[in-house]
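What follows is one structure encoded as structure tokens, with my remarks underneath.
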Amino acid sequence: MTALTADVAIVGGGLHGCSTALHLARAGATAIVVEKNHVGRHASGVNAGGVRTLARHEAEIPLALESLEIWHRIEELVDDDCGFESHGQIRVAENDADVALLHERQGRLRDLGYSHERWIDPPELFERVPALARHCLGGLIAERDGAALPYRTTAAFRRKAEALGQRVLEGTRVLDVAREGQGWRIDTSAGPISAGVLVNCAGAWADRICAQIGEPVPLEPVALMMMVTLRMPAFLRPVVIGTGRPLSFKQTAEGTVLIGGGRRARLDRDAETTELDFGELAASAAMVRELFPVMHGAVVNRGWAGIEARMPDDIPVIGPSSRAPHLFHQFGFSAHGFELGPVVGRIVAELVTSGRTTAPIAPFSIDRFDAGAARG
Amino acid sequence: MSAVDTLRAEYELAIVGAGPAGMAAATAASARGISTVLFDEQAAPGGQIYRAVTTTPLQRREILGDDYWHGRTLADALLASTAAYSPRSMVWAATRIENGFELAVSRAGRAQLVRAAHLIVATGAEERPFPIPGWTLPGVMTAGAAQILLKTAGVVPGSGTVVAGSGPLLYLVLAQFAAAGASVDAVLDTTPPGRFRAAWRDAAGFATSPYLGKGLALLRRARAAGRVVRGVESLEAIGDGRVERVRYRVGGTTHEIACSSLLLHQGVVPNINFANAIGCAQHWDDAQACFVPSVDAWGTSSVAGVTLAGDGAGIAGARAAEAHGTIAALNAACALGRIDRAQRDAAGTQAQAERSRWLRGRRFLDLAYRPSPQFRVPSGTTLVCRCEEVTAQQVIDSVRLGCTGPNQMKSFLRCGMGPCQGRMCGLTVSELIAQERRSTPEEIGHYRLRFPIKPVTLGELASLPQTEASEQAVVRLPR
């Protein structure tokens, strides 16, 4: 069979893979995205859609802030507004320990020169979130944050990439990757692909690509549960997240309420299926009722879980392979990769086409796990 | 055992649905000493076909007919058995655990978890969607819903009622109306002309079906309910704020008839939501034009520990469902290690023969009453998803934007994400996408359904025993 050829082969048709394909096209490089299911099938298509710079790991903040600027002009990039709306995100403090933690964080961020997270006292908090229970003591707000529609966003990046000439092979499974001359040969269920550069955007399955080139990585597949209610009268504009307790809470434009926050479903990675843990969802429901009394009679219509890769330090792997040339990694976003999709695609496209980037990606090097092993 | 007040934490066998299959399965399984619980949403056993058979105010047997009253023997046997019968109980989730399943069940506004080593899913049939222009207007309802009013409260249609569609259940409802002394203004029969002759040619086995005699008598009695217009080619409900008239075409000529109530029906399809959500494989049945879970002769599904029984495993009718319930109980007994395969096969001979008898000629009914494409696959501004008000044209447009299947389309349009959770649009959407992509529904697939399979309040959910969230179990934000 004649191999398909492109400058770059991207494994994984999530938001990151599609974003990288799009940015490569803008830089004049051809790419083929290989997706085993359909674009946006797992975490990219079914996450909470949070566009959040709030409560980021310090290493991620510069990337998240740059990505947020892209989000605010997302239509210019992908010809679709992606359902993005910016009503801010607020991290609420429910007790003195939460208050201390958030104050300490705000001070630390100020020392680092960041001002995107701002403390708000109860009057402003309750003005912004009137439905919030009155035991809350304040919070940190990131006013330019917001939320978008995840599947629509991922599909928009894919469509724009295709419009610029990139190819997306859905229902196509990567069987093997191997060095071939200066580049790569990727054997897929739809035949071989020859490419100069390989980008690993395979999400919860990215460690399998790493294993094939002898670069083990401590990736843990996780499935994070979400639930959504029937439509309710509008009562909330910003996204609200918890401090001491796991919660992500938002009301969508059509009135449904999305409840998430990092609680896990049971997961079968090979079958690509998840089993909801109703004990965990019950805990989530009880917490939501405490924080939002208006939710007492809310009707839960659907629960699900998106399959995602988590790294031990909860930050992603971005950058060149430490074992093989012309291979770049872009995975392990640990349940908060959606907001970063637009900028990391740009950064990886820059790495692929020029071999370097000005973005501060050193903390995301895959080497860091080697170092840990050496110290251990 | 009559209805139980409290549930145990664990049973060997849990059965969902107390129609003919569920009742027969519970009776047969408990007779073998298997600890059995039977959950059902209704207040009394019977399912849809025998709904209210122990409580109906219509005590004159001829109104609902002998076939209906047969259900009483099943209900009596169930109530005399040792099975725990749990009415007014909604099983809204099932998750696989070690050695079985954990079911989330709501009763009287509170939820609890019940474990079972084996599951029999007997969720029965539901009416096929009938997406014609105006089908969501107030005053338009399904014939099945009208039949529920008849069975449970003795309510019959008033003047200005028009009935439209096709299928055995439509004629049964009409015959029951006639027996109750009610009439309808018109019956707009959408069965395509020549269907019976063609079906007879391809499925002569119907000559030996017990349904042949029943069916002929039913058609005769149904005719007494009102004037029948045959060969109806198109339908449209029209009205300002509620239905006022029906426009229909026969032989290329358009007619209108005034009405205040329009009852629609074009057959039943398996209610697959529970089986789908728990992961049972399913396939497209082209004769019945619907998705059907894939099972063997014993109801064994693709998910270990789940047996499917009755019309939920493929439309075959109440008497076949009853036999299937007995068969499923034997299959469960085998899976639970009570009997071996040979014993199962021997014990099931009679029920299998009974089921075969009632399945004889099924193909005739499938062929004769398969709804025409124009009544299954709408176009233009006709609503597909009534919960989220998504039109056929919007679905078609989403295909052109790159949606290749119902699950992507759902993410795009919210189609199927409303309170009915896809029951009213699932088949329509799969067929519409298939048509647009020049593919087949089998290839396109059905919605991937999720628990809870029926909406549940946050309060009910919070009333479940909670897992103490461990540090390990939660992905946390940085400090």
Side-chain angles (χ1 to χ4, degrees), chain A residues 38-41 45-46 55-58 91 101 104-105 149-152 155 158-159 162 170 222 224 227-230 241-243 245-246 254 256 261-264 266 273 275-286 288-289 295-304 310 314 334-335, chain B residues 92-97 101-104 111-113 277-279 387-388 398 401-405 407-414 416-422 448-470 472-479:
Chain A
H38 61 77
V39 163
R41 165 68 182 86
V46 301
R56 286 267 167 193
H57 187 286
E58 281 155 31
R91 187 181 190 183
L101 185 147
E104 189 273 331
R105 176 177 172 88
L149 298 174
Y151 181 77
R152 179 165 155 189
R158 175 255 180 99
R159 273 201 312 281
E162 284 183 318
E170 293 182 291
V222 294
L224 301 176
M227 48 186 169
V228 66
T229 70
L230 296 182
I241 62 177
T243 300
R245 304 199 280 181
E254 71 269 7
T256 61
R263 292 182 188 270
R264 294 188 191 187
R266 293 185 285 271
T273 57
E275 296 265 347
L276 299 182
D277 181 330
F278 283 92
E280 284 287 332
L281 287 180
S284 206
V288 163
R289 284 203 308 176
M295 291 294 289
H296 191 83
V299 177
V300 176
N301 197 36
R302 199 175 147 80
W304 70 93
R310 182 191 185 193
D314 281 311
S334 307
Chain B
W92 46 265
T95 49
R96 274 173 274 189
I97 55 172
F101 299 87
E102 190 169 61
L103 305 180
Q112 63 193 104
L113 296 173
I278 206 165
C387 300
E388 297 291 332
S398 79
L401 277 174
C403 286
T404 53
N407 294 304
Q408 298 102 294
M409 201 261 336
K410 190 166 62 179
S411 307
F412 236 85
L413 294 176
R414 295 190 47 76
M417 293 181 82
C420 93
Q421 294 167 319
R448 197 168 42 245
L449 299 167
R450 299 292 195 190
F451 294 117
I453 60 155
K454 294 267 175 89
V456 59
T457 68
L458 204 71
E460 277 171 277
L461 186 53
S463 72
L464 282 179
Q466 292 168 22
T467 315
E468 231 5 271
S470 66
Q472 197 58 49
V474 176
V475 175
R476 288 189 181 279
L477 295 172
R479 293 179 69 83

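The sequence lines fix the lettering, A, B, ..., with proteins before strands; numbering per chain opens at 1. What you see is a predicted model, and the numbers here were worked out from it, not measured in a lab.
Between Arg414(B) and Thr256(A), the closest side-chain pair of non-hydrogen atoms falls below 4.5 Å. The side-chain heavy atoms of Phe451(B) and Trp304(A), taken from C-beta on, include no pair separated by under 4.5 Å.
Proximity to chain B is limited to the side chain of Arg266(A), based on heavy atoms less than 4.5 angstrom apart. Contacts between Gln408(B) and chain A at a heavy-atom distance below 4.5 Å involve backbone atoms as well as side-chain atoms. Of the two parts of Leu149(A), neither the backbone nor the side chain holds a non-hydrogen atom closer than 4.5 Å to a non-hydrogen atom of chain B. For Ala111(B), no part lies under 4.5 angstrom from a heavy atom of chain A. Looking at Ile453(B), there are no atoms closer than 4.5 Å to chain A (heavy atoms on both sides), in backbone or side chain. In this structure, chain B has no heavy atom under 4.5 Å from any part of Thr229(A). At a 4.5 Å heavy-atom cutoff, the contact between Leu276(A) and chain B is made by backbone and side-chain atoms alike. Only the side chain of His38(A) comes within less than 4.5 Å of a heavy atom of chain B; its backbone N, CA, C and O stay farther away. Residue contact with chain B, scored on non-hydrogen atoms closer than 4.5 Å, involves the backbone and the side chain of Ala55(A) alike.
Closest heavy-atom contact between Leu458(B) and Arg289(A): CD2-CG, 3.6 Å. The minimum heavy-atom distance between Leu461(B) and Ala282(A), with the atom names listed, is O-CB, 3.2 Å. Heavy atoms only, all atoms of each residue included: Asn301(A) and Pro455(B) are closest at OD1-CG, 3.4 Å. Of all heavy-atom pairs between Pro452(B) and Gly303(A), the closest is CD-N, 3.7 Å. Contact detail for Arg91(A) and Pro478(B): the closest heavy-atom pair is NH2-O, 2.8 Å. The two residues Arg302(A) and Arg448(B) make their nearest non-hydrogen contact at NH1-O, 4.2 Å.
Most heavy-atom pairs under 4.5 Å with chain B, from the set His57(A), Glu162(A), Glu254(A): that is Glu254(A). Residue with the most contacts toward chain A among Glu460(B), Glu388(B), Lys454(B): Glu388(B) (heavy-atom pairs, distance under 4.5 Å). Considering only heavy-atom pairs separated by less than 4.5 Å from chain B, the leading option among Arg105(A), Arg152(A), Glu58(A), Arg41(A) is Arg41(A). Interface summary for chain B: among Ala155(A), Ser284(A), Ala298(A), the most heavy-atom pairs under 4.5 angstrom belong to Ala298(A). Between chain A and the residues Thr404(B), Leu401(B), Asn407(B), the largest count of heavy-atom pairs under 4.5 Å involves Leu401(B). Most heavy-atom pairs under 4.5 Å with chain A: of the set Gly418(B), Gly402(B), Ser463(B), this distinction falls to Gly418(B).
For Glu275(A) (side chain) and Arg96(B) (main-chain N/O), a donor-acceptor pair under 3.5 Å exists by modelled atom type.
Here CG of Leu230(A) is found 11.0 Å from OG1 of Thr457(B). Values are rounded to the nearest 0.5 Å. Note that the CD atom of Gln112(B) and the CZ atom of Phe278(A) stand 15.0 Å from one another [nearest 0.5 Å].
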